Novice: 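Just passing along the structure, written as structure tokens.
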Amino acid sequence: MPNSKSGSKLQELLNEDLSKSEKKITRISDLKDNVGKEVFVRGWVYRQRGSTNLAFVLIRDGTGVVQCAIKSGDVSEDTWKDANDVFLESVVYAYGTVAKEERAPGGYEIRAKELKVEFRGEAFPIGKDQSTEFLLDVRHLWVRSQAIINALKMKAFVMRTAREFLDEKGFIEIQTPIFTSSAAEGGATVFEVTYFGGKAYLAQTGQLYSEALIEGYPLVYVFAPSFRAEPSRTPRHLTEFWQLEPEMAFYNQRMNMELQGELVERICHEVARKQTDILQKFKRDPKDLLGIKAPFESMTYAKAIEELQKKGLKIKWGDGIGLDEEKILVQENTQPVFLTNQPKEMRAFYMKINPDDPRTVLDGDLLAPEGIGEIIGGSERVSDYDELVKRLKEMKLKEKDYKWYVELRKYGSVPHSGFGMGSERLIRWLLKLESIRDAIPFPRTMNRLEP
Ligand code: 4AD
Ligand code: MG
């Protein structure tokens with residue numbers, strides 16, 4: 001067993017300043033291009049097993065996982081000791097030769113010449129087969145899991161794709177306030193906070209402010225957190241979620257839905273083409289997503305009620321279409337579908353009345369297939385002053401609470417439309433996640449504020 005510390009390449013590396021050693025480290029995702037070469041890798045211990053003269057330390061660095069094979073006869077006593085004396089999540093550095101190895105996870109391994117524990121820590125509290133509740137309690141540690149990191153990588157890719165799409169169309173990204181003075185999406189789900197002795201509400205949407213901005217520049221979008229005091233414990237509700245909200249001047253509801261179709265198709269196709277590794281981990285066949293083809297069909301609320309009645313539900317015109325009903329409507333679908341023209345009483349005050357059936361509005365919720373349901377909510381907005389005042393009254397809202405918003409209809413008001421796409425709902429659909437919680441690192445729900 002060679003045991004001289006002198007000539008230790010790892011020790012030399014660790015003696016250097018991080019800014020220098022950094023450049024000598026190979027990322028695990030790049031090992032495939034380094035077969036036969038000697039490399040340094042570093043990361044967290046993902047798994048460890050050992051026998052009398054052969055130990056395996058699996059290292060993950062965020063870009064992938066690699067197995068390091070350590071033979072007692074080939075390494076120093078220090079390396080052998082370190083390889084056998086680590087915890088899950090200890091931080092290690094390894095130096096060795098990259099080899100193709102079919103039996104190793106990922107298909108490559110490092111035949112280690114040296115391995116060093118940089119930070120040992122304590123026994124990691126998360127093991128196999130733990131309950132969902134426990135994993136939520138230790139979310140600050142569980143966010144390093146491959147499943148969460150891969151979902152976040154996907155979300156980053158999806159949002160980049162959405163931004164590119166909107167950018168190509170000439171949109172600008174704008175910011176809207178989180179502290180607001182009135183509820184935009186209904187008082188029942190608004191979070192109230194104290195604001196210097198007064199009251200403020202956390203934004204449920206950026207929409208009303210975007211409506212002010214489109215009169216300065218016609219195509220804007222905001223990607224920001226939305227807050228809803230939603231007491232529902234469902235796999236699709238969070239109290240804090242991130243919404244992408246485009247708003248467009250001179251757009252009617254038909255144009256609005258066309259744009260949504262194009263956006264969703266683009267995202268699905270880009271994901272299917274460029275994120276096959278992640279899709280595979282979530283057992284999503286890229287073909288499902290390549291098959292998504294805009295324009296999407298529309299189903300009016302009236303038709304949806306008929307469909308649901310045919311399926312034996314006791315439901316009538318005027319009843320709400322909630323989670324369960326949506327699920328039934330799209331259970332067999334492979335394409336998203338717009339649910340349109342819902343009764344005005346159950347829709348937001350800012351939605352324009354449908355001229356062909358004034359009991360309803362010009363809205364469209366995009367329902368994702370496979371039983372997922374709503375991922376986008378959108379509508380044409382009321383652009384006429386008198387109609388808006390009337391809508392506020394009908395909805396029993398005080399005009400004075402929406403003073404500035406109503407005033408927009410006095411100066412240069414134009415037909416306009418917009419939509420909000422829930423980013424976590426979209427990821428849940430694309431990755432077939434059981435719960436929306438796994439599409440956000442620190443989910444906020446009715447009974448969870450920690451960690
Ligand atoms: O349908 P919503 O409430 O529409 C609006 O907020 C509009 N102001 C959007 C607009 O036209 N600019 O919400 C939009 C989307 C939903 O379709 C859903 O995807 C998501 O936001 N969403 C939620 N996601 C997670 N948890 C919740 N509690 C959500 N509520 C809505
Ligand atoms: Mg909605």
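Both ligands and their constituent atoms are indexed starting at 1 by order of listing. In this text, all values refer to a predicted model and were calculated from it rather than measured experimentally.
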Novice: Using a strict cut-off of 4.0 Å, indicate which atoms of ligand 1 neighbour a heavy atom of Ile376.
Specialist: 17 (O)
Novice: Given Phe419, Phe241, Trp242, identify the one with the heavy atom nearest to atom 29 (C) of ligand 1.
Specialist: Phe241
Novice: How far is atom 11 (O) of ligand 1 from its nearest protein heavy atom, and which residue and atom is that?
Specialist: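 Minimum-distance protein heavy atom for atom 11 (O) of ligand 1 reads Arg381 NH2, 2.9 Å.
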Novice: Cation-pi check for Tyr405 against Arg409: NZ or CZ below 6.0 Å from the six-membered ring centre and within 45 degrees of the axis, yes or no?
Specialist: yes
Novice: I need the atoms of ligand 1 closer than 4.0 Å to a non-hydrogen atom of Gly422, numbered in the order shown.
Specialist: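 Taking each heavy atom of Gly422 in turn, ligand 1 has 15 (C), 19 (O), 20 (C), 21 (O) under 4.0 Å.
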Novice: Look at atom 1 (O) of ligand 1 and find which of Arg444, Arg428, Glu245, Glu374 reaches it with the closest heavy atom.
Specialist: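 Shortest heavy-atom distance from atom 1 (O) of ligand 1: Glu374.
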Novice: Counting heavy atoms only, which of Gln204, Gln207, Arg228 comes nearest to atom 6 (O) of ligand 1?
Specialist: Arg228
Novice: Do Val382 and Met351 have side chains that get closer than 4.5 Å, going by heavy atoms?
Specialist: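 The answer is no, as the side chains (C-beta and beyond) never meet within the 4.5 Å cut-off.
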Novice: Can you list the ligand 1 atoms lying under 4.0 Å from a non-hydrogen atom of Tyr350?
Specialist: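 Reading through ligand 1 atom by atom, the close ones are 7 (C), 8 (N).
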Novice: Using side-chain heavy atoms (C-beta onward) and a distance below 4.5 Å, is Tyr251 in contact with Leu219?
Specialist: yes
Novice: Within the 4.0 Å heavy-atom shell around Arg236, which atoms of ligand 1 are there?
Specialist: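 Taking each heavy atom of Arg236 in turn, ligand 1 has 25 (C), 26 (N) under 4.0 Å.
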Novice: Ring of Trp317, cation from Arg359 - is the NZ or CZ under 6.0 Å from the centre and inside 45° of the axis?
Specialist: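 That pair qualifies as a cation-pi contact.
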Novice: Of all N/O/S atoms in Glu374, which lies nearest to the Mg ion (ligand 2)?
Specialist: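 The atom in question is OE2.
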Novice: What about His237: any of its N or O atoms under 3.5 Å from an N or O on ligand 1?
Specialist: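 No; the residue has no nitrogen or oxygen that sits under 3.5 Å from a nitrogen or oxygen of the ligand.
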Novice: State the CG-CD distance between Leu136 and Gln130, to the nearest 0.5 angstrom.
Specialist: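 Taking CG in Leu136 and CD in Gln130, the distance rounds to 12.0 Å.
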Novice: Would a line drawn from the ring center of Phe179 to the ring center of Tyr195 be shorter than 6.0 Å?
Specialist: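 Close enough - the centres of the two rings lie under 6.0 Å apart.
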